[in-house]
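Okay, structure first, notes after.
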Amino acid sequence: MASASLLKTSPVLDKSEWVKGHTLRQPSTSAVRCHPVAPSGLTVRASSYADELVKTAKAIASPGRGILAMDESNATCGKRLASIGLENTEANRQAYRTLLVSAPGLGQYISGAILFEETLYQTTIDGKKMVDVLVEQNIVPGIKVDKGLVPLAGSNNESWCQGLDGLAPRSAAYYQQGARFAKWRTVVSIPNGPTELAVKEAAWGLARYAAISQDNGLVPIVEPEILLDGDHGIDRTFEVAKKVWAEVFFYLAQNNVMFEGILLKPSMVTPGAECKDRATPQQVADYTLSLLRQRIPPAVPGIMFLSGGQSEVEATLNLNAMNQAPNPWHVSFSYARALQNTCLKKWGGRPENVKDAQEVLLIRAKANSLAQLGKYTGEGESEEAKQGMFVKGYVY
């Protein structure tokens with residue numbers, strides 16, 4: 001790929017300075033010898049796509065818009081289809097994804113759509129490329145590039161995310177197909193520790209993926225999900241997320257990732273799903289924004305929150321609470337079920353329901369658009385939209 005270019009220099013940051021008061025492991029002497037840093041400054045590099053990466057990230061992080069996550073694997077998409085009585089066939093997956101990407105006016109509220117590999121190369125039921133339909137709606141096509149979670153040996157029944165092998169050529173091919181950003185999801189489980197090993201593995205994998213993506217023209221969505229599983233309180237979530245985010249951004253810096261050309265997709269800071277003490281939208285906003293201010297550089301263009309099993313309305317209310325005052329970043333959404341749940345049920349696999357289902361999708365997209373602008377009220381929401389979607393031990 002094209003040669004690297006110097007983007008900027010800044011003083012060398014010691015890890016203890018970067019983490020600001022949070023004690024973490026220091027790199028070994030041998031590691032420092034393997035990765036020398038010139039005394040005069042820290043080199044931050046990206047590929048010759050640097051200007052395009054910044055432009056793409058800013059386009060996705062545009063006012064009143066967020067991301068539609070429709071990158072469910074074929075197996076997960078099959079579970080969704082089964083919930084409305086449909087077989088998991090390519091034709092049914094194609095029909096549902098056509099419904100989503102072709103919803104009239106979707107681009108007013110949605111700036112990016114994360115696709116599964118099948119969808120990136122797929123056509124609509126009318127024979128148009130899915131990618132082209134999105135671009136016509138002013139929606140940036142993205143692609144899920146990780147290969148899923150597998151058991152992490154030596155941990156406390158925790159996971160790591162695979163997919164780095166062959167990622168560079170795959171990313172180059174995705175770019176040629178029209179993708180302009182990528183997504184890599186890894187998870188941390190609070191009930192299982194999390195162990196130092198799991199946190200470090202998650203952070204390092206995200207950093208390597210981000211560097212490879214930028215080298216191939218794709219804006220990386222960095223997604224360190226703190227799972228909702230557990231009965232812990234909101235303070236415990238805050239403590240764990242604080243450590244995880246510190247590790248992630250330390251290793252992003254070590255891998256010379258350009259922060260202006262990434263998007264962060266974190267979990268909101270909430271109590272565990274089985275905690276008896278529930279948090280109000282204002283509490284979620286206060287904890288989450290406090291954590292963002294402590295850990296996320298203002299250079300990052302967008303914070304695109306995942307919903308993580310919250311109800312459609314709950315996810316929207318929490319996002320709205322975070323946008324009641326200006327933030328250094330574009331604070332928005334990257335929702336899957338919290339945008340699609342009522343839409344899928346309204347469709348029910350019936351062609352005659354497509355228009356009504358698309359209207360439901362637009363209602364949810366508009367609600368989250370208003371929340372990004374801090375103008376959502378929650379009035380007129382259906383009972384269906386208020387139903388929680390958390391599934392204990394859920395596997396994507």
Side-chain angles (χ1 to χ4, degrees), residues 49 52-53 55-74 76-77 80 90-145 170-184 213 216-221 223 261 263 265 301-302 304 306 330 332-340 343-344 347 354-355 357-366 368-369 372:
Y49 292 103
E52 182 182 346
L53 293 169
K55 183 178 179 181
T56 299
K58 287 182 176 179
I60 296 172
S62 56
R65 299 205 296 167
I67 294 173
L68 168 61
M70 46 179 290
D71 58 319
E72 300 90 350
S73 67
N74 288 348
T76 300
C77 192
R80 307 276 167 85
E90 183 177 357
N92 285 336
R93 294 192 298 269
Q94 179 192 41
Y96 180 55
R97 288 159 176 166
T98 296
L99 181 160
L100 296 175
V101 302
S102 61
L106 185 64
Q108 183 177 348
Y109 314 116
I110 300 297
S111 55
I114 312 172
L115 309 178
F116 189 60
E117 187 176 62
E118 177 182 76
T119 317
L120 182 69
Y121 291 92
Q122 207 168 35
T123 61
T124 65
I125 57 176
D126 299 322
K128 297 184 68 174
K129 293 181 179 179
M130 295 276 189
V131 170
D132 291 344
V133 175
L134 289 170
V135 172
E136 288 170 5
Q137 294 239 52
N138 196 29
I139 298 172
V140 182
I143 177 69
K144 167 186 163 72
V145 299
R170 284 193 291 120
S171 297
Y174 297 149
Y175 182 93
Q176 291 299 317
Q177 185 62 17
R180 290 298 178 268
F181 70 99
K183 174 210 164 177
W184 176 285
S213 294
N216 290 280
L218 302 178
V219 169
I221 286 184
E223 183 178 359
L263 297 167
K265 182 174 178 175
M304 321 300 287
L306 58 90
H330 174 80
S332 192
F333 60 93
S334 177
Y335 295 163
R337 286 177 289 169
L339 281 172
Q340 297 181 45
C343 168
L344 179 66
W347 176 50
V354 167
K355 184 177 179 181
Q358 288 177 329
E359 288 179 358
V360 170
L361 173 63
L362 291 173
I363 288 171
R364 288 261 49 86
K366 182 178 180 180
N368 286 291
S369 170
Q372 199 288 310

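This one's a predicted model, so the numbers in the text were calculated from it and none came from an experiment.
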Point to revise | Gly261 to Pro220 - nearest heavy-atom pair and separation | key: O-CD, 3.2 Å

Exercise for review: Quick one: pull up CH2 in Trp347 and CG in Leu361 and give me the separation to the nearest 0.5 Å.
Suggested key: 13.0 Å

Point to revise | Nearest non-hydrogen partners of Pro104 and Leu362, listed with the distance | key: O-CD1, 3.2 Å

Review point. Are side-chain heavy atoms of Gln94 and Thr123 found at a separation under 4.5 Å?
Key: yes

Point to revise | Step-by-step side-chain contact (heavy atoms from CB on, under 4.5 Å) determination, Tyr174 to Phe181 | key: CA-CA 9 Å; Tyr174 297 149; Phe181 70 99; over 6 Å; no

Practice item. Check whether any side-chain N or O of Glu136 sits under 3.5 Å from a backbone N or O of Ser102 as a donor-acceptor pair, and report yes or no. Key: no

Check your understanding: Can you tell me how far the OH atom of Tyr175 sits from the CD atom of Glu52, to the nearest 0.5 Å?
Key -> 3.5 Å

Check your understanding: Only one of Ile60, Val145, Leu263 clears side-chain contact (heavy atoms from CB on, under 4.5 Å) with Ile221; which?
Key -> Leu263

**Study point:** Atom of Gly178, atom of Pro141 and distance for their closest heavy-atom approach
**Key:** O-CG, 3.7 Å

Point to revise | Any side-chain heavy-atom pair of Leu99 and Cys343 under 4.5 Å | key: yes

**Study point:** Steps toward side-chain contact (heavy atoms from CB on, under 4.5 Å) verdict (Tyr109, Asn368)
**Key:** CA-CA 8 Å; Tyr109 314 116; Asn368 286 291; over 6 Å; no

Practice item. For the pair Ser111 (side chain) and Gly66 (backbone), establish whether a donor and an acceptor sit closer than 3.5 Å, ignoring hydrogens and angles. Key: yes

Check your understanding: Would a 4.5 Å heavy-atom cut-off, applied to side chains only, mark Asn216 and Arg170 as touching?
Key -> no

Exercise for review: To the nearest 0.5 angstrom, please state how far the CD1 atom of Ile67 sits from the CG atom of Leu306.
Suggested key: 11.0 Å

Check your understanding: Could you give the distance from CG (Leu120) to CD1 (Ile143), rounded to the nearest 0.5 Å?
Key -> 4.5 Å

Check your understanding: Where do Val219 and Ala57 come nearest, in terms of heavy atoms and distance?
Key -> CG2-N, 4.0 Å

Review point. Taking all non-hydrogen atoms of both residues, which atom of Ser213 and which atom of Ala182 are closest, and how far apart?
Key: OG-CB, 4.0 Å

Review point. What is the distance from atom CG of Leu53 to atom NZ of Lys58, rounded to the nearest 0.5 Å?
Key: 12.5 Å

Check your understanding: Does Arg65 reach the main-chain N or O of Gly107 with its side chain, forming a donor-acceptor pair under 3.5 Å?
Key -> yes

Review point. Has the side chain of Gln137 got a donor or acceptor atom that lies under 3.5 Å from a matching backbone atom of Val101?
Key: yes

Practice item. Report yes if the side chains of Arg93 and Phe116 come closer than 4.5 Å at any heavy-atom pair, otherwise no. Key: no

Practice item. Please determine, by modelled atom types, if Thr56 and Arg180 share a side-chain donor-acceptor pair under 3.5 angstrom. Key: no

Point to revise | Any Lys366 side-chain heavy atom under 4.5 Å of Ile363 side chain | key: no

Review point. Is the side chain of Ser369 donor-acceptor paired with the backbone N or O of Gly64 at a distance under 3.5 Å, no angle test?
Key: yes

Review point. Met70 versus Leu115: any side-chain heavy-atom pair under 4.5 Å?
Key: yes

Exercise for review: Look up atom CD1 in Ile114 and atom NZ in Lys144, then write down how far apart they are to the nearest 0.5 Å.
Suggested key: 9.5 Å

Exercise for review: Could you give me the CA-CA distance, side-chain angles and deciding distance for Gln340 and Tyr96, then say whether side-chain contact (heavy atoms from CB on, under 4.5 Å) is met?
Suggested key: CA-CA 10 Å; Gln340 297 181 45; Tyr96 180 55; 2.8 Å; yes

Check your understanding: So do Val140 and Leu134 actually touch side chain to side chain, heavy atoms under 4.5 Å?
Key -> no

Review point. Quick check: does any side chain N or O of Lys265 sit under 3.5 Å from a backbone N or O of Ser334, one acting as donor and the other as acceptor?
Key: yes

Exercise for review: Would you please name every residue forming a side chain to side chain contact (heavy atoms under 4.5 Å, CB included) with Ser332, sequence neighbours left out?
Suggested key: Met304, His330, Gln372

**Study point:** Side chains of Ile110 and Phe333 in contact at under 4.5 Å (non-hydrogen atoms)
**Key:** yes

